[in-house]
Amino acid sequence: MKIEKLCLTLILGLILFTGCNNIDDEPIPANESLMAGKWKQTEAYISSGGPQYWVAVENGEEIEFFDNSAFSSNRFTECMVGNFSIEEDKLLLAYNCNEFSSQSENEEGFITYELNFYSNYFILTPTSGPICIEGCSYKYQIQK
């Protein structure tokens, strides 16, 4: 009888422990004011023909979003400034340099991404330009 109670207590404790300890970070609706600040690419979600996995990125892109819908980025050395907007969980970047174009731009001149915003990071998945065949996403974290 004591063993049965002990087993039941252990099972119940294990259920409660795993249930309370496994809190998922849920996406939140993004808007321009949430984006304000300096962000750095820290991880990439890639595949080499098999299942996708996250890998750390050294010296990732740095991008700063401003309250006036402007941004600066070190992604392209030819042009480092532009304007951004968020429409239906999509991030649209328009670089503001004469005679600058990128293979990543769509027909309207925007570089676009699906945007998933979380409490202290966001994930971008390209939706314009060359798209990764296996799929790819990029994680950016706020810089303090």
Side-chain angles (χ1 to χ4, degrees), residues 3 6-144:
I3 294 176
L6 180 61
C7 287
L8 183 60
T9 303
L10 288 173
I11 291 171
L12 189 58
L14 183 60
I15 290 170
L16 290 174
F17 177 74
T18 57
C20 295
N21 197 24
N22 193 11
I23 298 172
D24 292 332
D25 192 9
E26 293 292 322
I28 57 177
N31 60 47
E32 283 85 355
S33 64
L34 285 175
M35 299 295 289
K38 290 184 180 183
W39 300 85
K40 183 170 183 159
Q41 181 187 2
T42 58
E43 296 180 60
Y45 195 57
I46 62 169
S47 170
S48 57
Q52 291 181 293
Y53 53 93
W54 285 103
V55 295
V57 172
E58 290 185 33
N59 302 318
E61 175 188 8
E62 293 180 6
I63 188 166
E64 184 171 5
F65 295 99
F66 301 96
D67 288 329
N68 64 355
S69 297
F71 76 91
S72 67
S73 167
N74 65 352
R75 179 174 178 191
F76 302 107
T77 57
E78 308 86 17
C79 187
M80 301 178 85
V81 295
N83 293 313
F84 77 98
S85 61
I86 297 173
E87 297 175 6
E88 298 177 8
D89 295 324
K90 299 247 186 266
L91 175 64
L92 290 79
L93 301 178
Y95 283 83
N96 293 342
C97 299
N98 293 333
E99 299 182 25
F100 172 78
S101 65
S102 162
Q103 292 180 347
S104 300
E105 291 178 357
N106 63 16
E107 299 82 33
E108 292 85 32
F110 294 103
I111 298 175
T112 61
Y113 299 91
E114 178 182 318
L115 172 64
N116 291 300
F117 198 87
Y118 298 85
S119 59
N120 64 348
Y121 67 94
F122 62 83
I123 296 174
L124 297 179
T125 303
T127 57
S128 64
I131 307 285
C132 304
I133 294 171
E134 304 87 17
C136 56
S137 297
Y138 308 102
K139 182 178 183 179
Y140 291 77
Q141 292 188 302
I142 191 79
Q143 300 296 292
K144 297 181 181 187

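Closest approach of Ser73 and Ile63 over heavy atoms only: CB-CG1, 4.0 Å. Of all heavy-atom pairs spanning Cys79 and Asn96, the tightest one is SG-N, 3.9 Å. The minimum heavy-atom distance between Asp67 and Ala36, with the atom names listed, is OD1-CB, 3.2 Å. Of all heavy-atom pairs spanning Ser47 and Pro51, the tightest one is OG-O, 4.0 Å. Counting all heavy atoms, side chain and backbone alike, Ser48 lies closest to Tyr53 at OG-OH, 3.9 Å. When all heavy atoms of Ala44 and Val57 are compared, the closest pair comes out as N-CG2, 3.6 Å.
Taking NZ of Lys139 as the start and CD of Glu43 as the end, the distance is 4.5 Å to the nearest 0.5 Å. Taking CD of Gln141 as the reference point, atom OG1 of Thr42 lies at 4.0 Å (rounded to 0.5 Å). Once rounded to the nearest 0.5 Å, the distance linking NZ of Lys40 with CG of Asn74 reads 8.0 Å. Rounded to the nearest 0.5 Å, atoms CD (Glu62) and CE (Met80) are 9.0 Å apart. Between Asn116 atom CG and Ile28 atom CD1 the span is 11.0 Å, to the nearest 0.5 Å. Here the straight-line distance linking atom OG1 of Thr125 with atom CG of Leu115 works out to 9.0 Å at 0.5 Å rounding.
For an aromatic pair to be called close, the ring centres must be under 6.0 Å apart, and Phe65 with Phe84 satisfies this. The aromatic ring centroids of Tyr140 and Tyr121 lie 6.0 Å or more from each other. Between Tyr138 and Tyr45, the distance from one ring center to the other does not fall under 6.0 angstrom.
Counting only heavy atoms from C-beta outward, the side chains of Ser69 and Ser85 never approach each other to under 4.5 Å. In this structure, the side chains of Tyr113 and Leu93 come closer than 4.5 Å at one or more pairs of heavy atoms. Side chains of Leu124 and Ser137 form no contact here, defined as non-hydrogen atoms less than 4.5 Å apart. Looking at heavy atoms from C-beta onward, Tyr95 lies in side-chain contact with Arg75 at the 4.5 angstrom threshold. With a 4.5 Å cut-off on side-chain heavy atoms, Cys136 and Pro126 count as touching. You'll find the side chain of Gln52 stays beyond 4.5 Å of the side chain of Ile46, heavy atoms only. Looking at Ile111 and Phe76, their side chains come closer than 4.5 Å, going by heavy atoms from C-beta outward. Contact check for Phe66 versus Met35: no side-chain heavy atoms found under the 4.5 Å cut-off.
In this structure, Gln103 places its CD atom where only 12 or fewer heavy-atom neighbours from other residues, nucleotides or ligands lie under 6.0 Å away.
Side chains of Tyr118 and Glu26: a donor-acceptor N/O pair is absent below 3.5 angstrom, by distance only.
Among residues at least two apart or in separate chains, side chain to side chain donor-acceptor pair (under 3.5 Å) pairs with a member in residues 126-136 are Thr112-Thr127, Thr112-Ser128.
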